[in-house]
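What follows is a single structure, written as structure tokens, with notes after it.
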Amino acid sequence: MATDFKSIPIIDVAPLLAKSDDPEMAQDPGVSSVVRQLDQACRESGFFYVKGHGIPDSLLKEVKELIRKFFELPYEEKLKIKMTPETGYRGYQRLGENVTKGTPDMHEAIDCYREMKPGMYGAVGQPMEGSNEWPANPSNFKQRMEEYVRLCTDLSRKILRGIALALGGSADELEGERAGDPFWVMRLIGYPGVHNANGKDMPENDIGCGAHTDYGLLTLVNQDDDIPALQVRNVSGEWIWAVPIPGTFVCNIGDILKILSNGLYESTLHRVINNSPKYRVCVAFFYEPNFDAAIEPLDMCKQRTEGTIKFERAVYGEHLVNKVLTNFVM
Ligand SMILES: N=C(N)NCCCC[C@H](N)C(=O)O
Ligand SMILES: O=C(O)CCC(=O)C(=O)O
Ligand SMILES: [Fe+2]
């Protein structure tokens with residue numbers, strides 16, 4: 001349940017990661033302490049910073065520099081990996097092409113999704129079938145990004161084992177049929193600074209990304225150092241800055257975890273405004289359930305919320321495809 005939070009806590013997850021595949025992890029004092037912090041953060045704001053995550057700072061920086069260089073390329077060059085319905089909505093989208101609640105967003109991006117083979121998820125998955133569109137230069141772009149996805153996937157799985165304990169379940173509650181074969185989304189995003197945002201044909205607004213909630217289980221945001229831009233809405237309607245803290249991820253929970261927890265944890269509204277003169281980049285990784293998972297409130301969470309079911313059952317892939325198909329003006 002979101003509250004009147006004024007700041008976003010920092011959680012050192014190292015003790016959780018050290019024990020996250022140990023069958024006795026729930027009894028470990030270090031793990032318990034992280035679990036308590038995760039529970040409090042998820043209840044109060046649905047947002048927290050993660051440090052002690054083990055992903056090298058050099059890689060966090062490298063992926064941001066790779067995409068900064070890509071966005072500096074001439075428009076024609078970027079169009080070589082253009083996102084279209086034919087590419088399964090994978091690839092490059094220009095400034096203003098992504099729309100949030102009817103308003104074009106002032107960002108450009110490369111959208112990537114876990115690969116889907118034709119027919120893998122039937123008619124529901126069909127619009128997103130395809131493999132990712134990577135820039136040809138530098139030649140290691142794809143390899144570095146895939147390494148990043150691998151490390152973020154593993155980190156997210158471990159954090160979710162902590163969150164499963166925080167909800168009162170066993171560590172593997174969010175695996176198996178729910179998220180044992182997790183889908184993932186990655187957005188490589190660029191937000192122009194205030195001075196160069198208003199080129200021709202560009203919408204007259206400075207919202208980098210309008211207020212939204214994320215769709216899945218857990219998001220790991222690797223944001224640019226030095227440019228505060230991400231804001232999170234508290235229950236009073238105030239926008240609280242998630243200022244960059246170098247070396248950390250900003251984590252937040254998505255719609256699917258809200259449903260599973262029957263609202264004990266909420267997916268909190270957030271938005272991005274780059275008011276600085278500098279171009280801002282961000283690598284957002286979204287850890288999702290199985291594409292075909294049917295998600296409904298966990299029994300243990302229903303019991304803790306007076307037994308009423310607050311959210312209808314949802315199939316993750318349908319939720320994602322509905323969002324993707326309405327996110328673009330093409
Ligand atoms: N995969 C995720 N979560 N992407 C978040 C993008 C949010 C903006 C999008 N136009 C929207 O309105 O949802
Ligand atoms: O740019 C950011 O800091 C966050 C972006 C975001 O919220 C998203 O892509 O879902
Ligand atoms: Fe988001």
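Both ligands and their constituent atoms are indexed starting at 1 by order of listing. Everything numeric in this text was worked out from a predicted model, so none of it was measured.
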Inset, instruction - Show which atoms of ligand 2 fall inside a sub-4.0 Å distance from at least one heavy-atom site of D214. - result: 10 (O)

Legend entry - Enumerated ligand 2 atoms positioned under 4.0 Å from heavy atoms of R280: 1 (O), 2 (C), 3 (O)

Legend entry - Note, C112 side chain near W184 side chain (heavy atom, < 4.5 Å): yes

Inset, instruction - Salt-bridge test for E147 and R144: reply yes if a basic N is under 4.0 Å from a carboxylate O, no otherwise. - result: no

Inset, instruction - Taking the side chain as every heavy atom from C-beta outward, state whether Y279 and I227 have any pair of such atoms under 4.5 Å apart. - result: no

Inset, instruction - Mark up the atoms of ligand 2 that fall under 4.0 Å of a heavy atom belonging to C282, in ascending order. - result: 1 (O), 2 (C), 3 (O)

Inset, instruction - Mind reading off the angle at the Fe ion (ligand 3) between the NE2 atom of H212 and the OD1 atom of D214, rounded to 10°? - result: 90°

Legend entry - Metal site the Fe ion (ligand 3): N/O/S of C209 inside 2.8 Å: no

Inset, instruction - Taking only heavy atoms of R187 into account, list the atoms of ligand 2 that are under 4.0 Å away from them. - result: 9 (O)

Inset, instruction - Keeping the roles fixed (side chain from N290, backbone from E177), state whether a donor-acceptor pair exists under 3.5 Å. - result: yes

Legend entry - Closest protein heavy atom to atom 5 (C) of ligand 2, given as residue, atom name and distance to 0.1 Å: Y191 OH, 3.5 Å

Legend entry - ligand 2-proximal atoms of T219, by part, heavy-atom distance under 4.0 Å: neither

Legend entry - V221 neighbourhood, listing ligand 2 atoms whose heavy-atom distance to it stays under 4.0 Å: 3 (O)

Inset, instruction - Say whether T100, considering both its backbone and side-chain N or O atoms, lies within less than 3.5 Å of an N or O atom on ligand 1. - result: yes

Legend entry - Sub-4.5 Å side-chain heavy-atom contact between R233 and R271: no

Legend entry - Contact (N/O only, under 3.5 Å) between V99 and ligand 1: yes

Inset, instruction - Measure Y215 to ligand 1 on non-hydrogen atoms and call it side chain, backbone, both or neither using the 4.0 Å cut-off. - result: both

Inset, instruction - May I ask you to list the atoms of ligand 1 that are less than 4.0 angstrom from any heavy atom of N98? - result: 9 (C), 10 (N)

Legend entry - salt_bridge(E24, K19) N-O dist < 4.0 Å: no

Legend entry - Taking atom 4 (C) of ligand 2 as the reference point, the nearest protein heavy atom with its distance: V272 CG2, 3.8 Å

Inset, instruction - Answer yes or no for H107: is there a heavy-atom contact with ligand 2 below 4.0 Å? - result: no

Legend entry - Per-residue contact class, D214 against ligand 1 - non-hydrogen pairs under 4.0 Å: both

Inset, instruction - Salt-bridge test for D39 and R36: reply yes if a basic N is under 4.0 Å from a carboxylate O, no otherwise. - result: no

Legend entry - Whether over 12 other heavy atoms sit under 6.0 Å from K302 NZ: yes

Legend entry - Numbered atoms of ligand 2 (with element) below 4.0 Å of F286, judged on heavy atoms: 8 (C), 9 (O), 10 (O)

Legend entry - Sub-4.0 Å heavy-atom contact, H212 with ligand 2: yes

Legend entry - Min N/O separation N327 to ligand 1 under 3.5 Å: yes

Legend entry - Carboxylate-amine/guanidinium proximity below 4.0 Å for K82 and E133: no

Legend entry - Pair D111 + R187: basic N to acidic O under 4.0 Å: yes

Inset, instruction - Report, in ascending order of atom number, the atoms of ligand 2 lying under 4.0 Å from any heavy atom of H270. - result: 7 (O)

Inset, instruction - Could you tell me how the ring of Y92 sits relative to the ring of F70: parallel (under 30°), tilted (30 to 60°) or perpendicular (over 60°)? - result: perpendicular

Legend entry - H270 and F47 aromatic ring geometry - parallel, tilted or perpendicular at 30°/60° bounds: perpendicular

Legend entry - Single-linkage hydrophobic cluster V185~W134, side-chain heavy atoms < 4.5 angstrom: yes

Inset, instruction - Return the residue, atom name and 0.1 Å-rounded distance of the protein heavy atom closest to atom 3 (N) of ligand 1. - result: F286 CE2, 3.3 Å

Inset, instruction - Specify the protein heavy atom at minimum distance from atom 9 (O) of ligand 2: its residue, its atom name, and the distance to 0.1 Å. - result: I189 CD1, 3.5 Å

